[in-house]
Amino acid sequence: MWRMRVVHTTGYAYQAPVIASYNEARLTPRSNGRQNVILNRVETIPASRSYRYIDYWGTAVTAFDLHAPHADLTVMSSSVVETEPLQPPSRDAGWSDLCSGPVIDRFDELVRPTPHTPASKRLSSVGRKLAKSHEPADAVVVAAEWVRGELDYLPGTTSVHSSGLDALRAGRGVCQDFVHLSLMLLRAMGIPCRYVSGYLHPRSDAVVGDTVDGRSHAWIEAWTGDWWSYDPTNDSEITEQYVSVGAGRDYADVAPLKGIYSGEGATDLDVIVEVTRLA
């Protein structure tokens with residue numbers, strides 16, 4: 001078991017004072033069978049009024065608004081989380097199970113295309129071939145391996161608005177793209193799956209007490225009898241180094257910050273993630 005502190009700081013600098021803004025932050029890790037959230041707080045500068053709720057997909061949201069003119073906005077989330085390795089799913093569903101009426105009804109929204117994970121004839125063809133030679137749980141890993149063979153990891157080639165198809169055409173992308181393309185392939189096979197946002201400590205041999213530059217990260221969860229996670233970017237299982245925050249159909253459901261503001265001019269954005277292994 002690991003205990004980690006994660007501090008995620010986002011700074012906005014506006015070209016002209018903003019009169020008012022309304023925002024949602026999805027920056028609070030979730031407690032589940034693999035991790036326990038000891039504490040979390042989300043603060044803003046200037047100070048704002050806020051409230052929390054759990055969205056449709058089970059992600060904790062901090063909603064806040066500002067009604068005084070401001071030229072800068074800083075949002076900081078600080079969390080302490082205990083994590084454990086992922087346990088393998090306790091049940092294995094076959095293709096006939098995934099095609100059953102109850103499963104289709106239960107997970108309908110998680111097998112449909114989305115703007116970030118559109119339908120693709122090529123992916124459907126690949127999915128049919130993988131499904132013929134692998135059971136669903138094995139197909140998840142094989143699908144991730146296929147994606148790694150199609151994409152090179154290269155920051156700056158895509159944006160948060162890019163789809164998995166955009167990344168496939170470019171042949172490169174970041175973790176968001178690896179996840180979107182994996183989701184496209186799994187959904188083409190009829191495997192319910194979702195996008196997971198969170199953080200990854202970069203060092204498996206992390207020294208207790210050392211603060212390092214972490215990074216926001218993304219991976220997948222697939223349902224093959226039970227929900228379980230896999231990281232297609234690193235082609236690896238989920239370990240204690242991972243802290244999950246939100247889950248949804250694609251990136252749009254788990255964007256760390258989204259909102260609207262009243263004012264003129266574009267914004268400069270600066271994001272810093274620091275992680276410290278505490279135990």
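Note that the structure is a prediction, hence the values are computed from the model and not measured. Numbers here simply count residues along the sequence, with the first being 1.
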Colleague: By side-chain hydrogen bond (donor to acceptor under 3.5 Å, both in side chains), which residues pair with Tyr199, not counting sequence neighbours?
Modeller: His8

Colleague: How does the hydrophobic cluster around Val7 look, that is, which other residues are in it when side-chain heavy atoms under 4.5 Å mark a link?
Modeller: Met76

Colleague: Show me the side-chain donor-acceptor pairs of residues 269-279 shorter than 3.5 Å, one per line, residues at least two apart or across chains.
Modeller:
from: Thr276; atom 1: OG1; to: Thr211; atom 2: OG1; distance (Å): 2.6
from: Arg277; atom 1: NE; to: Ala279; atom 2: O; distance (Å): 3.1
from: Arg277; atom 1: NH1; to: Ala206; atom 2: O; distance (Å): 3.4

Colleague: Check for a donor-acceptor pair, side chain of Thr117 on one end and backbone N or O of Pro113 on the other, with a separation under 3.5 Å.
Modeller: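 It does not hold such a pair.
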
Colleague: Is there a donor-acceptor contact under 3.5 Å linking the side chains of Gln241 and Ser204?
Modeller: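 Not at all, the side chains of Gln241 and Ser204 share no donor-acceptor pair under 3.5 Å.
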
Colleague: Any carboxylate oxygen within less than 4.0 angstrom of a Lys/Arg side-chain nitrogen, looking at Glu82 and Arg3?
Modeller: yes

Colleague: Hey, what else clusters with Tyr53 if you join Ile, Leu, Val, Met, Phe, Trp, Tyr whenever side-chain heavy atoms sit under 4.5 Å?
Modeller: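 Reading the cluster by chain and number, Tyr53 sits alongside Tyr51, Val61.
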
Colleague: Answer yes if the side chains of Asp166 and Ser163 hold a donor-acceptor pair under 3.5 Å, and no otherwise.
Modeller: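 Asp166 vs Ser163: donor-acceptor pair found between side chains.
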
Colleague: Using the side-chain hydrogen bond (donor to acceptor under 3.5 Å, both in side chains) criterion, which residues pair with Asn36? Sequence neighbours excluded.
Modeller: none

Colleague: Is there a donor-acceptor contact under 3.5 Å linking the side chains of Asp231 and Tyr242?
Modeller: yes

Colleague: Taking atom types as modelled and ignoring hydrogens, do the side chains of Asp65 and His67 form a donor-acceptor contact shorter than 3.5 angstrom?
Modeller: yes

Colleague: Take a 6.0 Å sphere around CD of Glu237 and say whether it holds more than 12 heavy atoms from other residues, nucleotides or ligands.
Modeller: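 Result for CD/Glu237: open.
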
Colleague: Can you run down the salt bridge (Lys or Arg N to Asp or Glu O under 4.0 Å) pairs that involve residues 35-44, sequence neighbours left out, and say none if there aren't any?
Modeller: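 For residues 35-44: Arg41-Glu43.
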
Colleague: Not counting sequence neighbours, which residues clear side-chain hydrogen bond (donor to acceptor under 3.5 Å, both in side chains) with Asp55? List them please.
Modeller: Arg26

Colleague: Give every residue pair that meets the salt bridge (Lys or Arg N to Asp or Glu O under 4.0 Å) criterion with at least one member in residues 128-137, sequence neighbours excluded.
Modeller: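 Listed by first then second residue: nothing to list.
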
Colleague: Using a 3.5 Å cut-off and no angle test, enumerate the donor-acceptor pairs between side-chain atoms of residues 142-151 and protein atoms at least two apart in sequence or in another chain.
Modeller:
from: Arg148; atom 1: NH1; to: Thr233; atom 2: O; distance (Å): 2.4
from: Glu150; atom 1: OE1; to: Arg122; atom 2: NH2; distance (Å): 3.1
from: Glu150; atom 1: OE2; to: Arg122; atom 2: NH2; distance (Å): 3.4

Colleague: How are the rings of Phe178 and Tyr153 set relative to one another: parallel (under 30°), tilted (30 to 60°) or perpendicular (over 60°)?
Modeller: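 Taking Tyr153 first and then Phe178, their aromatic rings sit tilted (interplane angle of 30° to 60°).
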
Colleague: Check step by step if ring pair (Phe, Tyr, Trp, His ring centres under 6.0 Å) holds for Tyr195 and Trp57.
Modeller: CA-CA 11 Å; Tyr195 186 112; Trp57 302 105; over 10 Å; no

Colleague: Can you pull the salt bridge (Lys or Arg N to Asp or Glu O under 4.0 Å) pairs that have at least one residue in residues 99-109, sequence neighbours excluded?
Modeller: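 As it turns out, the salt bridge (Lys or Arg N to Asp or Glu O under 4.0 Å) pairs with a partner in residues 99-109, which skip direct neighbours, are Asp108-Arg112.
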
Colleague: Can you tell me which residue pairs pass the salt bridge (Lys or Arg N to Asp or Glu O under 4.0 Å) test with a partner in residues 195-220, sequence neighbours excluded?
Modeller: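 Qualifying pairs: none.
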
Colleague: Check the orientation of Tyr14 and Tyr261. Use parallel for under 30°, tilted for 30 to 60°, and perpendicular for over 60°.
Modeller: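 Rings of Tyr14 and Tyr261: tilted, as their planes differ by 30° to 60°.
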
Colleague: Please determine whether a side-chain nitrogen of the Lys or Arg among Arg34 and Glu84 lies less than 4.0 Å from a carboxylate oxygen of the Asp or Glu.
Modeller: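 No.
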
Colleague: For Asp253, check salt bridge (charged side-chain N to carboxylate O under 4.0 Å, His left out) against everything at least two apart and list the hits.
Modeller: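 For Asp253, the residues satisfying salt bridge (charged side-chain N to carboxylate O under 4.0 Å, His left out) (neighbours in sequence not counted) are Arg249.
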
